[in-house]
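As C-alpha cells, the structure follows; a few thoughts come after it.
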Amino acid sequence: MFSEYHLNGIFDEMFEAAGEPRGHYRSVYTRLAALSNDAFQRRRRMADLSFKNQGITFTVYSDTTGVEKIFPFDLIPRIVPSNEWETIEKGLSQRLMALNAFCRDVYHEQRILREKIIPAELIYSAKMFRREMLGLQVPRDIYIHICGTDLIRDKTGQYLVLEDNGRTPSGVSYVLENRAVMKRVFPVLFGAYRVRGIEDYPHNLLHCLQNVAPQAREDPTVVILTPGIYNSAYFEHSFLARQMGVELVEGRDLIVDNNSVYMRTVAGLRKVDVIYRRVDDDFLDPLTFRPDSSLGVPGLMNAYRCGNVALVNAVGTGVADDKAIYPYVPDMIRFYLNEEPILNNVPTYICSRESDRKYVLEHLHELVVKSTNESGGYGMLMGHQSTSAERAKFAEMIKKDPRNFIAQPIVELSQHPSLIDDRFEGRRIDLRPYLLSFGDKVVVMPGGLTRVALRRGSLVVNSSQGGGSKDTWVLEEDGESPPLLQPELVPEGVTV
Amino acid sequence: MTQSQMMNGQDRGVTGVVNRPMLSRVADAMYWMSRYVERAEHISRILVETSSLLTDIGDLAPALRREYWRDVLRVLGLDSGEVAEELLKGTDEEVAFRICNFMTFEPDNPSSLLGCLTLARENARSVRENISAEMWENLNTLYWSLRGDEAQARYDESAQELYRQVLLGTRLFAGLTDQTLAHGQGWLFTQIGKSLERLDLVCRTIAARSMLLLNADMAIDSDERNIHWMSLLRNCGSLEAYRRIHVGDMEPESVVAFLVLERRFPQSIRYCVHHAHDAAVRVRAEIDPHTTDQAVRILGRLNTQLEYADVGEIERIGLIAYLGQIRAATTDAAEALRNSYFLH
C-alpha cells in the first residue's frame with residue numbers, strides 16, 4: 001500500500017528518503033506494509049463505528065440545519081521521539097509563562113508598552129482587548145490556564161509556533177478518544193512501543209481548575225459552562241465534565257445573587273467557585289458584553305470582579321491571541337523571562353506597519369494572509385492558490401483596515417502518510433499540544449492533537465475545512481523502534 | 001431565596017460521601033429521556049401486535065381492521081383532525097401501510113418511533129455526563145438504527161423485525177439504567193418518568209380498546225372476543241404473566257383487574273403508581289429529609305386508592321371514568337414534580 005507513496009519534496013515525518021523509514025517509525029512501517037487493504041479497511045470501519053456509536057461527533061452548520069459528523073480519524077499514528085518532545089515541552093512552557101506575564105502586565109502596569117517593546121496602539125486596537133479587565137485581580141495571576149498551541153514543521157523539520165490559542169482551545173477530547181480507539185484497534189503495535197500516557201489529563205485539568213478557587217476553599221465546586229448541545233464542541237464539554245465528575249452547566253443553570261454565582265439544583269441554589277467556561281468573552285455576561293447574549297449569566301462579571309468566582313480562561317486573554325501581537329511573543333519571552341525563545345515563530349508581516357504592508361501588497365501571490373481575529377481557517381487568503389480576483393479583494397480589505405491583517409510566507413507543512421481510499425498518501429499535518437498553567441509551573445500533555453489536511457494538496461487542517469486527526473505517540477525514550485512480537489489479531493465481525 | 005436555600009458547598013450523607021443535589025435542568029432531562037424511551041417501547045409493541053393480530057383474524061373481522069388502526073392513533077391522542085382523516089383513507093392495506101410509516105419515521109410526528117427516540121437522545125445528549133456510557137451508547141445506537149441509510153431498507157424488508165429490535169433496544173436501555181447507573185437522584189427521576197409514562201399509556205390503551213369493543217360488541221361473536229382481549233394484554237406486554245395467574249380465563253373483568261390492580265406485575269397500573277410514589281418519596285428524602293411535597297401527596301393518595309380498590313369499585317364508577325381519574329392524578333403529579341424540582 002506504500003507502493004505509490006510520494007515524498008513531494010517536503011519534510012516527511014515517516015520517511016528519510018523514498019522507501020527508507022526513520023528509525024522510530026520502522027515498526028509501524030513494517031506492520032502497515034504487511035497489512036492487506038482488507039485488514040486495514042476492517043480496522044477503519046471498526047474505528048468509525050466506535051466513534052459513531054459513542055456519539056463522538058461535532059456539528060457542522062452548512063445551512064440552517066446542523067449535521068453531526070464524526071471527526072475523520074486517520075489510523076496511522078504520528079510518532080514523536082523523546083528528544084524532540086523535550087525541546088517542544090520546554091519551548092511551550094516558556095512561551096506560556098511569558099504569555100501569562102504579558103496578560104498580567106497589559107491589564108496592570110503595562111511595562112511592556114511603556115518601554116515601547118510593543119506599540120501601545122496595537123494593544124488598544126486589538127478586538128479582544130478588554131478594558132473591563134484593567135486593574136482586575138485574577139486568582140494567582142493566571143490568565144491562560146489552558147492553552148492549545150499550534151505547531152508546524154517547515155521543510156527542514158524545524159518546529160515552529162503557528163499560533164497560541166489562549167482563549168478556549170478545543171480538541172483535547174479527540175486526543176483522548178483517539179488514543180482509546182487506537183489501543184483497541186492496534187493493541188499489539190501500541191504495546192510494542194513505549195508510548196507516554198495521556199490519560200491523566202482530566203485529573204490534571206481538575207487540579208488546574210481547583211487551583212484558582214477563590215479564598216482557597218476546600219473542596220471547591222467546579223463547573224463547565226457550555227453554550228449547549230447545539231455548539232459544535234458540545235461533545236468535548238460533556239466529555240470533560242464526565243471525565244472530571246463535575247457539573248456541565250448552561251447559562252440558564254446559573255444565577256448571580258449578591259455578587260456570588262449559584263447553580264439551580266433540585267434542592268435550590270448551590271454556590272459555584274470555579275467556572276471553566278467554553279463560552280466566548282462576548283457572550284459571558286449580557287450586562288457587561290453583548291446585551292443580546294442568552295448564553296451567559298447576567299452579573300457574572302461583577303461576581304468575577306469581587307473575586308467570588310474564578311473564570312477559566314480569564315476574560316481578555318484574546319489580546320495575547322491576536323495575530324498582530326503574535327509576532328511579539330519572542331520579545332515577550334526576552335522581556336519577562338530574560339531568556340531566548342526555544343521555539344521560533346513563523347516570520348510575520350504586520351499590515352499596520354507601512355513597510356510590511358507595502359511588501360505584502362506586492363507579494364500577495366506568495367503569502368498567506370490572515371485576519372487577526374478569525375480562527376478555524378476562516379478569513380484566510382492562500383496566495384499561491386488564489387485567483388487574481390481574490391487577491392484584489394484582499395488587497396482592498398488590507399488597505400481599508402490594515403490593523404486587521406497579517407501575512408506570512410507559505411510554510412510547506414510537513415507531511416505524514418494517511419490512508420486515502422485503498423493506499424497511503426502523504427498529507428499535511430500540524431500538532432496542537434495542550435498546556436495547563438499552575439502559575440509557577442506548566443504541565444504539558446505528552447502528545448496532542450495531530451490534525452491532517454485530508455484534501456490532497458491542502459494546507460488547511462481545520463475540522464471545519466475537511467481536516468481529520470491522528471493519534472500522536474510521544475515515546476518514553478529514544479532509540480530504534482521495537483521489534484514486533486506477534487501478529488495483530490482482530491477477528492472479523494468483532495465490534496469495538 | 002431563603003437562607004436554607006443558599007447553603008454553601010455541598011451536603012455530606014451518612015457515609016461521608018458528598019451528596020450533590022443535581023441541576024434542575026438535568027433532572028428534567030433525565031425524566032423526559034426516560035419517558036420518551038418508554039413511549040417508544042409501547043409504540044413499537046402496539047405496532048407489532050396490531051399487525052400480527054390483523055394477520056391472524058383479519059378475515060374474520062373485516063369491519064374491525066380500520067378500527068384497530070384508528071386505535072393505534074387513539075392511544076397517542078392522534079385519532080382526530082385532518083392528519084388522522086388522511087391516514088385512514090383508502091383500502092385497508094393502504095391504511096396499514098400509511099399508519100405504520102407515520103408511526104415509525106414521520107419527522108413531523110413527535111410520537112413516531114423516530115420522533116420519540118430523537119427526543120430521548122437529545123435529552124440524553126444534554127446530560128451525558130450524568131448517565132452511564134453504556135446507556136448513552138445503547139440509546140445512540142438505537143437512534144442510528146432508525147436514522148441510518150439502511151433503516152428504510154430494513155423496514156421495507158420486515159417492519160416487524162425492525163419493531164422487535166426497537167423493543168429489544170428500549171428494554172436493554174431500561175436494564176442498563178438499572179444496572180449501570182447509581183441509584184441516586186438521577187436514577188430516581190428516570191424511574192418516575194418511566195412509571196408515569198407507562199401507567200398513562202396503559203390507561204390510554206385499555207380505554208381505547210374497551211371503547212372499540214363496546215361499540216363493536218354486536219359485530220363480534222363471543223368466540224372471537226377472547227382474541228381481542230388477549231391482544232389488549234399483548235399490547236401492554238402482559239399476556240404471559242396474565243395467563244400464569246388466570247389460567248384459562250379471558251373474562252374482560254379479569255383482564256381489566258389484572259392490568260389495573262395487579263400488585264406484582266411491572267406493567268400494571270398499580271405497580272407503576274407504587275413505583276413512582278416510592279421513587280418520589282426517595283427523591284424527597286435525598287434532597288430535603290423529613291418533608292414532603294405535592295407530587296408525593298398525589299401519588300401517595302392514588303397508591304392507597306389502588307391498594308384497596310376492587311373490581312366492583314371500577315364497575316360502579318365505570319371503567320372509562322375510573323381510568324380518567326387515574327390519568328388526571330398522574331398529570332397533576334407530573335405538574336407538581338415540575339414545580340418542585342425542575343423550575344428552580
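Note: hydrogens, waters and symmetry copies are ignored here, and every other heavy atom, side chains too, is used. In the text below, chain A, chain B and the rest are named by the order of the sequence lines, each starting its count at 1.
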Donor-acceptor under 3.5 Å (Trp136(B) side chain, Gln54(A) main chain): yes
field: side-chain contact (heavy atoms from CB on, under 4.5 Å) between Val266(A) and Gln185(B), intermediate numbers included
entry: CA-CA 9 Å; Val266(A) 290; Gln185(B) 298 159 48; 3.5 Å; yes
message: Taking side chain as everything from C-beta outward and backbone as N, CA, C, O, which of these in Phe235(A) sits under 4.5 Å from a heavy atom of chain B? Side chain, backbone, both or neither.
response: side chain
query: Would a 4.5 Å heavy-atom cut-off, applied to side chains only, mark Glu247(A) and Arg20(B) as touching?
result: yes
Arg297(B) atom CZ, over 12 foreign heavy atoms within 6.0 Å: yes
message: With heavy-atom distances below 4.5 Å as the criterion, would you say the side chains of Leu23(B) and Arg264(A) are in contact?
response: no
- prompt: Does a sphere of radius 6.0 Å around CD in Gln160(B) hold more than 12 heavy atoms from other residues, nucleotides or ligands, not counting ones at 6.0 Å or beyond?
  reply: yes
task: Would you mind checking which part of Phe342(B) comes under 4.5 Å of any heavy atom in chain A, side chain (CB onward), backbone (N, CA, C, O), both or neither?
output: neither
query: Which atoms of Val272(A) come close to chain B, meaning under 4.5 Å heavy atom to heavy atom: side chain ones, backbone ones, both, or neither?
result: neither
Proximity breakdown for Asp28(B) and chain A, heavy-atom pairs closer than 4.5 Å: neither
field: Contact class of Val127(B) relative to chain A, heavy atoms under 4.5 angstrom
entry: backbone
query: Any donor-acceptor pair under 3.5 Å linking the side chain of Asn140(B) with the backbone of Lys52(A)?
result: yes
message: Within this structure, what is the CG-CG distance for the pair Asn53(A) and Asn138(B), rounded to the nearest 0.5 Å?
response: 10.0 Å
- request: Hey, could you give me the CD/OG1 distance between Glu129(B) and Thr226(A), rounded to the nearest 0.5 Å?
  value: 9.0 Å
statement: Applying a strict 4.5 Å limit to non-hydrogen atoms, the region of Glu250(A) in contact with chain B is both
- request: Look up atom CZ in Arg125(B) and atom OH in Tyr234(A), then write down how far apart they are to the nearest 0.5 Å.
  value: 7.0 Å
- prompt: Does any N or O in the side chain of Ser126(B) come within less than 3.5 Å of the main-chain N or O of Ile229(A), such that one atom is a donor and the other an acceptor?
  reply: no
